[in-house]
Number of protein chains: 2
Amino acid sequence: MGRPAYRQLADILRERIESGRYRPRKPLPSELHLRQEFGVARDTIRRALALLAEWGLVRTIGGRGTFVRAVDRVTVRMEPGLRVFSRPATAAERVTLDLAEGAYVIVIERRDGVEVLPADSTEILVVE
Amino acid sequence: MGRPAYRQLADILRERIESGRYRPRKPLPSELHLRQEFGVARDTIRRALALLAEWGLVRTIGGRGTFVRAVDRVTVRMEPGLRVFSRPATAAERVTLDLAEGAYVIVIERRDGVEVLPADSTEILVVE
DNA sequence: ACGTATTTGTACGTATGTATC
DNA sequence: AGATACATACGTACAAATACG
């Protein structure tokens with residue numbers, strides 16, 4: 001007994017995203033369409049999509065669709081005088097940064113300004 | 001029509017946890033029991049429990065039950081020479097830190113040793 | 001402005017599998 | 001072995017949000 005069906009399906013869809021078959025900012029096929037392609041229940045489709053969303057690969061929007069997220073991982077190097085903290089994203093930030101409801105941002109305050117990055121794709125590296 | 005049923009149910013259960021009615025390290029009533037108490041489908045119960053798990057309040061274990069997590073929030077102050085990063089928890093860490101499959105830990109490397117903390121209850125504070 | 005089609009969200013039911021006690 | 005509890009997977013129906021003509 002291998003992994004559950006929804007888990008295998010998530011892997012297949014992940015591969016399609018990473019290979020570029022499903023393109024950034026574009027919607028995946030609808031749940032109905034996926035159900036027909038893979039011959040599984042909608043429940044199984046939705047579980048797989050939820051996994052992908054948890055992994056930060058896609059983002060599902062209300063009566064619209066599930067979209068491939070276009071994000072790169074960012075690494076920030078800590079320096080003295082840098083102030084870094086995290087807070088929930090505002091509505092405007094959710095739009096510009098392509099974030100879901102309830103997502104967090106990381107705020108980086110430098111002397112010359114402030115930078116706001118998605119918390120789920122930002123790495124803070126501390127060097128001495 | 002306020003929020004969805006599973007959302008309201010999650011709030012009720014959260015209140016019971018925070019009030020101490022459901023005690024740390026003890027199981028919540030089984031899904032069957034909750035279904036009977038609230039008169040909703042198991043699906044609804046499970047969605048509420050999944051929310052609580054996402055919030056870090058409970059942890060569900062295979063054929064055993066859903067347990068109230070006993071964790072305190074920890075705050076770590078950044079200092080020069082400190083290296084902090086995050087990675088998936090190992091199997092052993094999941095046991096000792098009371099974490100679910102797929103959970104992350106935060107690793108803090110100091111000159112005198114390494115500390116590993118649950119990512120969902122650790123706060124990193126950066127001071128200059 | 002309106003209705004219709006599409007798509008995701010919620011909620012119910014049922015059955016079976018797996019893990020634990 | 002049997003009972004209990006969670007996990008997966010199928011099905012159905014309707015609601016809500018969105019898109020489009």
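When reading the values below, keep in mind they use all heavy atoms of this one structure, side chains included, and skip hydrogens, waters and symmetry mates. Keep in mind the model is a prediction, meaning the values are calculated, not measured.
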Legend entry - Intra- and interstrand pairs of DNA chain C - dot-bracket, Watson-Crick/G-U under 3.5 Å, | marks other strand: .||||||||||||||||||||

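- Tested against B/Leu57 for a side-chain contact (heavy atoms from CB on, under 4.5 Å), the candidates B/Leu52, B/Leu28, B/Leu51 yield a single pass: B/Leu52.
- Straight-line distance from the CG atom of A/Leu9 to the P atom of D/dT8: 14 Å, rounded to whole Å.
- A donor-acceptor pair is defined here as one N or O able to donate and one able to accept, closer than 3.5 Å; such a pair exists between the side chain of A/Arg59 and the backbone of A/Leu99.
- Remark: P of C/dG9 and CZ of A/Arg47 are 15 Å apart, rounded to the nearest angstrom.
- Atoms CZ (B/Arg46) and P (C/dC12) sit 15 Å apart, rounded to a whole Å.
- In this structure, the side chain of B/Arg69 engages the main chain of B/Asp98 through a donor-acceptor pair within 3.5 Å.
- Contacts of residues 56-67 of chain B with DNA chain D (heavy atom under 4.0 Å): B/Thr60, B/Ile61, B/Gly62, B/Gly63, B/Arg64, B/Gly65, B/Thr66.
- One hydrophobic cluster holds both B/Trp55 and B/Val68 under the rule that ILVMFWY side chains link at heavy-atom gaps under 4.5 Å.
- The minimum heavy-atom distance linking B/Thr44 with B/Leu9 is given by the pair O-CD2, 4.2 Å.
- Contact between the side-chain N/O atoms of A/Tyr6 and the OP1/OP2 oxygens of D/dA9 is not found at any separation under 4.0 Å.
- Connectivity analysis of hydrophobic side chains (ILVMFWY, heavy atoms under 4.5 Å, direct or indirect) links B/Tyr104 to nothing; its cluster partners are none.
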Tabulate below the donor-acceptor pairs under 3.5 Å that side-chain atoms of residues 11-21 of chain B make, not counting sequence neighbours, or state none.
from	atom 1	to	atom 2	distance (Å)
B/Asp11	OD1	B/Arg14	NH2	3.1
B/Asp11	OD2	B/Arg3	NH2	2.2
B/Arg16	NH1	B/Tyr22	OH	2.7
B/Arg16	NH1	B/Glu37	OE2	3.2
B/Arg16	NH2	B/Glu37	OE2	2.8
B/Ser19	OG	B/Glu15	O	3.2
B/Ser19	OG	B/Arg16	O	3.2
B/Ser19	OG	B/Arg21	N	3.4

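- Distance, A/Arg3 CZ to C/dT18 P: 16 Å, rounded to whole Å.
- Near DNA chain D, meaning a heavy atom under 4.0 Å away, the residues from residues 20-44 of chain B are B/Ser30, B/Glu31, B/Arg42.
- At a threshold of 4.5 Å between non-hydrogen side-chain atoms, the residues A/Thr75 and A/Glu123 count as touching.
- Summarising the geometry, the separation between CD on B/Gln8 and P on C/dT10 is reported as 12 Å, rounded to the nearest angstrom.
- Residues satisfying the side chain to side chain donor-acceptor pair (under 3.5 Å) test with B/Tyr6, not counting sequence neighbours, are none.
- The closest donor-acceptor contact from the side chain of B/Arg87 to the backbone of B/Val105 lies at 3.5 Å or more, if one exists at all.
- Residues A/Phe38 and A/Leu32 fall into different hydrophobic clusters, defined by Ile, Leu, Val, Met, Phe, Trp and Tyr side chains chained together at heavy-atom separations under 4.5 Å.
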